[in-house]
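Here the structure is laid out as structure tokens; the discussion comes afterwards.
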2 protein chains.
Amino acid sequence: MVRPGGRSARVQRSVHEAVRDLTAESGRDALTVPLIAARAGVTPSTIYRRWGDLQELLSDVAVERLRPEAPPEDRGSLADDLTSWAELFLDEMASPAGRAYIRDALLGDPDGSNAGQCSAYAAEQIDAVLSRAADRGEKTPEVEMVIDRVVSPIMYRILFRPTGLDAAYARRLTAEVLDDGR
Amino acid sequence: MVRPGGRSARVQRSVHEAVRDLTAESGRDALTVPLIAARAGVTPSTIYRRWGDLQELLSDVAVERLRPEAPPEDRGSLADDLTSWAELFLDEMASPAGRAYIRDALLGDPDGSNAGQCSAYAAEQIDAVLSRAADRGEKTPEVEMVIDRVVSPIMYRILFRPTGLDAAYARRLTAEVLDDGR
DNA sequence: GCTTCTAAGGCAATCCCTTTGCTTTAAGAT
DNA sequence: ATCTTAAAGCAAAGGGATTGCCTTAGAAGC
């Protein structure tokens, strides 16, 4: 039984807020469950019971922060829309903060649902860009193809090869998928 | 000063061995530093001083296990070699054990060097396949292209979208990169 | 070979994170 | 208004993480 307006919701909000505040103040390495609990005004056992451990809590907070805040900007053409989305995506994800969120999201995620949520966010944004282009009458690649050809290489490099990532790489990947897919 | 034949090497071996044994016996969730230390015949502080924490130790062990044991089999043609390598790669990485090792490798890896090593292993194997094909006179894609178009999508799905991964996907990715790249 | 030097491991005490049984509270149902 | 029951609070115990100090063993110089 979910009680979205009640005490549970208040606790969830204050705990998430405490994580964000303490991360900003002292860095994520300084985070501990008792610290977060004290800041949030709850007892540690509440956090342990609801989230299991620190990593799962951080994973929750990370996914929340990786949620896109607005649909991709409309620049008038598929090529422009997709290219600028990919540049922005790379930029956000490859930043130190972005990398930290990705790691956290993957880390405390026993069943993969948080990671799946991240992927779903990207798919939504891409789908918005492609649908808009289709409405304009442009021929578009499949969402799956954009994920395989643009999102995957970017994420792979972020996770496994921390060097050589820049906007030009995002542009090249986008140009290639548009050449092949429409 | 490295002392490869001495006590350090013995400790390293016995600790790694203890991790493997205990993982097999009791599962990775049951692992703790004191447990591993006891099995390895060392004190916990030794492990903390050498590896920092449990996650970094597990990351070390994971990378060791992700090292390929032999060069890819020679089946006579680039298409056959690359396809069967990709199928094997997907199979090993997507297995429960493979996923666990990937997670561990990424997890306890503050500077990204362990993850980089994993990527280097894959690049080596691919390079071996491509060089062999080039020696036969076949036209081959670049290693980078195979990583972007075959390895990345597979790893992305393993990490972010745990469903719908099978040998057919590996074959499709390989076929596409061979069509485009030679 | 013997002495010297030093990186690495052992030991032990301390701190505090984690876990858990029991109690209390508050949101929703009747 | 009363009842029910998730969920939070409390507190104690257990044990993992950390660190200063000491000991050991391998390597280098004589």
Side-chain angles (χ1 to χ4, degrees), chain A residues 1-23 25-62 64 103-104 107-111 113, chain B residues 1-23 25-62 64 103-104 107-111 113:
Chain A
M1 183 186 334
V2 180
R3 296 166 175 179
R7 185 163 61 162
S8 299
R10 274 201 307 280
V11 166
Q12 159 133 353
R13 264 194 300 104
S14 68
V15 168
H16 276 220
E17 198 179 319
V19 169
R20 287 193 298 271
D21 292 351
L22 287 171
T23 304
E25 285 171 26
S26 328
R28 93 183 338 79
D29 290 347
L31 292 184
T32 69
V33 170
L35 251 175
I36 296 164
R39 171 65 70 103
V42 302
T43 61
S45 63
T46 295
I47 293 180
Y48 286 115
R49 280 199 232 268
R50 276 216 14 194
W51 281 278
D53 60 18
L54 178 61
Q55 292 185 346
E56 288 186 49
L57 170 57
L58 293 180
S59 180
D60 261 23
V61 174
E64 197 180 87
R103 277 175 57 98
D104 285 346
L107 216 114
D109 191 22
D111 60 351
S113 58
Chain B
M1 178 188 339
V2 181
R3 295 167 174 177
R7 186 163 62 162
S8 299
R10 273 201 308 280
V11 167
Q12 159 133 354
R13 265 196 299 104
S14 68
V15 168
H16 276 219
E17 197 178 318
V19 169
R20 287 193 298 272
D21 291 352
L22 288 170
T23 303
E25 285 171 25
S26 329
R28 96 183 334 79
D29 291 347
L31 291 185
T32 70
V33 171
L35 250 175
I36 295 164
R39 171 67 69 106
V42 303
T43 62
S45 62
T46 295
I47 293 179
Y48 286 115
R49 280 200 232 268
R50 280 222 2 201
W51 282 277
D53 60 17
L54 179 61
Q55 293 184 346
E56 288 186 50
L57 170 58
L58 293 181
S59 181
D60 260 22
V61 174
E64 197 180 87
R103 276 174 59 97
D104 285 346
L107 218 115
D109 191 22
D111 60 351
S113 58

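Every chain is numbered from 1 and lettered A, B, ... according to where its sequence line falls, protein lines coming before strand lines. Because the structure is a prediction, the values reported are computed rather than measured.
- Atom CD1 of B:Ile36 and atom C1' of D:dG16 are 12 Å apart (whole Å).
- Nearest to the side chain of B:Pro34, among D:dG16, C:dG10, C:dG21, sits D:dG16.
- Per the geometry, CG belonging to A:Leu31 stands 12 Å off P belonging to C:dC17, to the nearest Å.
- At a threshold of 4.5 Å between non-hydrogen side-chain atoms, the residues B:Val15 and B:Trp51 count as touching.
- Remark: A:Thr46 is not in phosphate contact with D:dA8, judged by side-chain N or O atoms under 4.0 Å from OP1 or OP2.
- Atom CG of A:Asp29 is separated from atom C1' of C:dC17 by 16 Å (rounded to the nearest Å).
- In this structure, B:Trp51 atom CH2 and C:dG9 atom C1' are separated by 11 Å, rounded to whole Å.
- Separating the CZ atom of A:Arg50 from the C1' atom of C:dT20 is a distance of 19 Å, rounded to the nearest angstrom.
- Ranking D:dG9, C:dG10, C:dA27 by closeness to the B:Ser45 side chain, first place goes to C:dG10.
- With C:dG10, C:dA8, D:dG26 as the choices, the nucleotide that has an atom nearest any side-chain atom of B:Ser8 turns out to be C:dA8.
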**Q.** From CA spacing to verdict: side chain to side chain contact (heavy atoms under 4.5 Å, CB included), B:Val11, B:Thr46
**A.** CA-CA 9 Å; B:Val11 167; B:Thr46 295; 4.1 Å; yes
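- Distance from the side chain of A:Val42 is smallest for D:dG9 among the nucleotides D:dA7, D:dG9, C:dC11.
- We find that CD1 of A:Ile47 is positioned 14 Å from C1' of D:dA7, with the value rounded to whole Å.
- Between B:Arg50 and B:Ser8, the shortest heavy-atom distance links the atoms NH1-O, 3.2 Å.
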(Q) Let's go through A:Val61 and A:Asp104 carefully: what are the C-alpha distance in whole Å and the side-chain angles of both, what is the deciding distance for side chain to side chain contact (heavy atoms under 4.5 Å, CB included) to 0.1 Å, and is it a yes or a no? (A) CA-CA 9 Å; A:Val61 174; A:Asp104 285 346; over 6 Å; no
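- Summarising the geometry, atom CZ belonging to B:Arg28 is positioned 9.0 Å from atom CZ belonging to B:Arg103; distances are rounded to the nearest 0.5 Å.
- Rounded to whole Å, atom C1' of C:dG9 lies 11 Å from atom CZ of B:Arg10.
- Mapping A:Leu35 and B:Gln12 onto DNA chain C by nearest heavy atom places B:Gln12 closer to the 5' end of the strand.
- Within the nucleic acid shown, B:Arg49 comes within 4.0 Å of at least one base atom, counting heavy atoms only.
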